[in-house]
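Naming: A, B, ... by sequence-line order, numbering from 1 per chain.
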Protein chains: 2
Amino acid sequence: MATQEERRAQTREALLEAGATLFAERGVAGASVDAIAERAGRTSGALYDHFGSKEGLLFALLAGWVDDATAVIAAEQATAASLDEWVAAMWRAVSDPPSGDARWIALEHELWSWAAQSERARRHLARRYQAAWDGIDEVATAWADPVPGARVGPAVVGVLMGLEMMRRIDPDAVTDATAVATLRAVLTAAPDRSPTR
Amino acid sequence: MATQEERRAQTREALLEAGATLFAERGVAGASVDAIAERAGRTSGALYDHFGSKEGLLFALLAGWVDDATAVIAAEQATAASLDEWVAAMWRAVSDPPSGDARWIALEHELWSWAAQSERARRHLARRYQAAWDGIDEVATAWADPVPGARVGPAVVGVLMGLEMMRRIDPDAVTDATAVATLRAVLTAAPDRSPTR
DNA sequence: GTCTATATACCGATAGAC
DNA sequence: GTCTATCGGTATATAGAC
C-alpha cells in the first residue's frame, strides 16, 4: 500500500492548485498562508511541511511553469508551416493562455514586481527566461535569416510581454494583426542592416 | 506669513519622496505607512491627513509621473532630427530613466501586478497610458507614414516596456542597437502590408 | 503528516490631546 | 497639522497533541 505516499502527493497538489489561484487573485503579498491552506482543505501546518514557507510554494509553482512554457514553444515549432503561422501561434499562446490556465500572467507580474526590488529575483528570472530565449532563437534561424550571432529571442519575448500588457488594459489597443506584424518585423529586422523582407 | 502653508507643502513633499523610495524598494504591500512616515520625519497621522490612505499616496505619486512621461515624449519630439534619433531617445528614456529617478520602473511594475488582479486598476492604467499612446501616434505620423487609422502608440509603448524588462534581467540580452532596430521595425511595419522602408 | 492552539509581531487606520 | 496612544485585525511561523 502506498496510501501514505499518495495522500502526501494529493496534499502537495491541492496546495499548489490553491496557491496558484490565490496568488493570482490577490497577489503573493495578499494571499495568506492560512487562506491557501484552507482552500486546499488543509491547514497551514501542511503548507509549511511541504514547502517550508510561502516563498517556497511560489518557487515550486514557478518551476512547473517554466517547463510548460518551453514545451509550448517546442510544440509550435513542430507544427507551424510558415513564419507568420509560428508568430501567430506564439502570440495566441500569450494573449489567451493555452492550457486553460490564465493565472500565470498574474503570477508573472508578481515576479517582475519582485525583480524590480531584488537582485536574487532578477537572477531567478534570467535563468527562467533563458530557455525560452534559446528556443526562439533556434526556431528563428529556420524561418527568418538573422545576422549570424544576433540574438532575437530576448526581443521576441519582450515584445510578446509588452504587447500583452497593452492589450490587457485596452483590448482594442493591440489587434491580433498588429501583434503578428510587429513580431514579424522584429524577426526580420537586424541591428546592422535594414529589414530584408 | 505663509509659514503654516509652507510647512504643509514641505510635509507633503517629504511624504511623496519617502513613499516613492519605499514603494520602489519594498513594494506597495511591503512598505508600511509607519515606515514611510518615519522616513519622511513625520508620523503616520500626517500621511492619513494628506492622502487619506496608503493607496491615496500611491495615486498621488502616479499622477505626478504621468505628467513627467508625457513631458519627456513631447520634448523628444521637438529636438529629434530623424526617426532613428527619436526612437533612440525614447529608448534611452526608458532604459536608463531620465530625471535621475530610477524608482518609477519598480512602481510601474507594482501597478501592473495590481492590474492583473483588479479591473479598477486596469482602467486606471488605461487612462494613464492613453496620453503616451496619443503622443507617440502624433509624432509617428510625422516621421513614419503609417496606414491611416492604424495606431502604433500602444505597440511602441509595449515594445519599450517589454525590451526594458528583458534588459533588466540580462543587460546583454537586448543591446541598444537591437532596441532601436526593433522600434524602427515596429514603426514602419503595418498590419496589412509589408514593411516599407 | 496533519491537526489545533498559540507565540510574536506588525499591519492600516482612528481618536483625541496639543 | 501633527502628535501619541491604541484599537482591532491579521500575518507568518512554531510547538506539541494525535
message: Distance check needed: C:dA7 P versus A:Tyr48 OH, whole Å only.
response: 17 Å
- prompt: So, A:Ser118 side chain and A:Ala115 main chain: donor-acceptor pair closer than 3.5 Å or not?
  reply: no
field: Pair A:His50-A:Leu16, side chain to side chain contact (heavy atoms under 4.5 Å, CB included): steps then yes or no
entry: CA-CA 10 Å; A:His50 277 269; A:Leu16 285 170; over 6 Å; no
query: If you look only at pairs with a residue in residues 52-61 of chain B, which of them pass as a side-chain hydrogen bond (donor to acceptor under 3.5 Å, both in side chains), with sequence neighbours excluded?
result: B:Glu55-B:Arg120
- request: Could you verify whether a donor N or O on one side chain and an acceptor N or O on the other, from A:Gln117 and B:Glu110, lie under 3.5 Å apart?
  value: yes
field: Main-chain N/O of A:Arg184 paired with A:Thr188 side-chain donor or acceptor, under 3.5 Å
entry: yes
task: Measure the shortest side-chain to side-chain distance between A:Arg167 and A:Asp176 over non-hydrogen atoms and say whether it is less than 4.5 angstrom.
output: yes
- prompt: Do we see a donor-acceptor contact under 3.5 Å between the side chains of B:Arg168 and B:His109?
  reply: yes
query: chain A on DNA chain D: first and last contacting nucleotide, 5' to 3', under 4.0 Å to a heavy atom?
result: D:dA11 to D:dT14
message: Please list, in numerical order, the residues of residues 12-40 of chain B that have a heavy atom closer than 4.0 Å to any atom of DNA chain D.
response: none
Donor-acceptor pair, side chain of B:Thr178 and main chain of B:Val174, under 3.5 angstrom: no
- prompt: Starting at the 5' end of DNA chain C, which residue's closest nucleotide do you reach first, A:Ser44 or A:Asp49?
  reply: A:Asp49
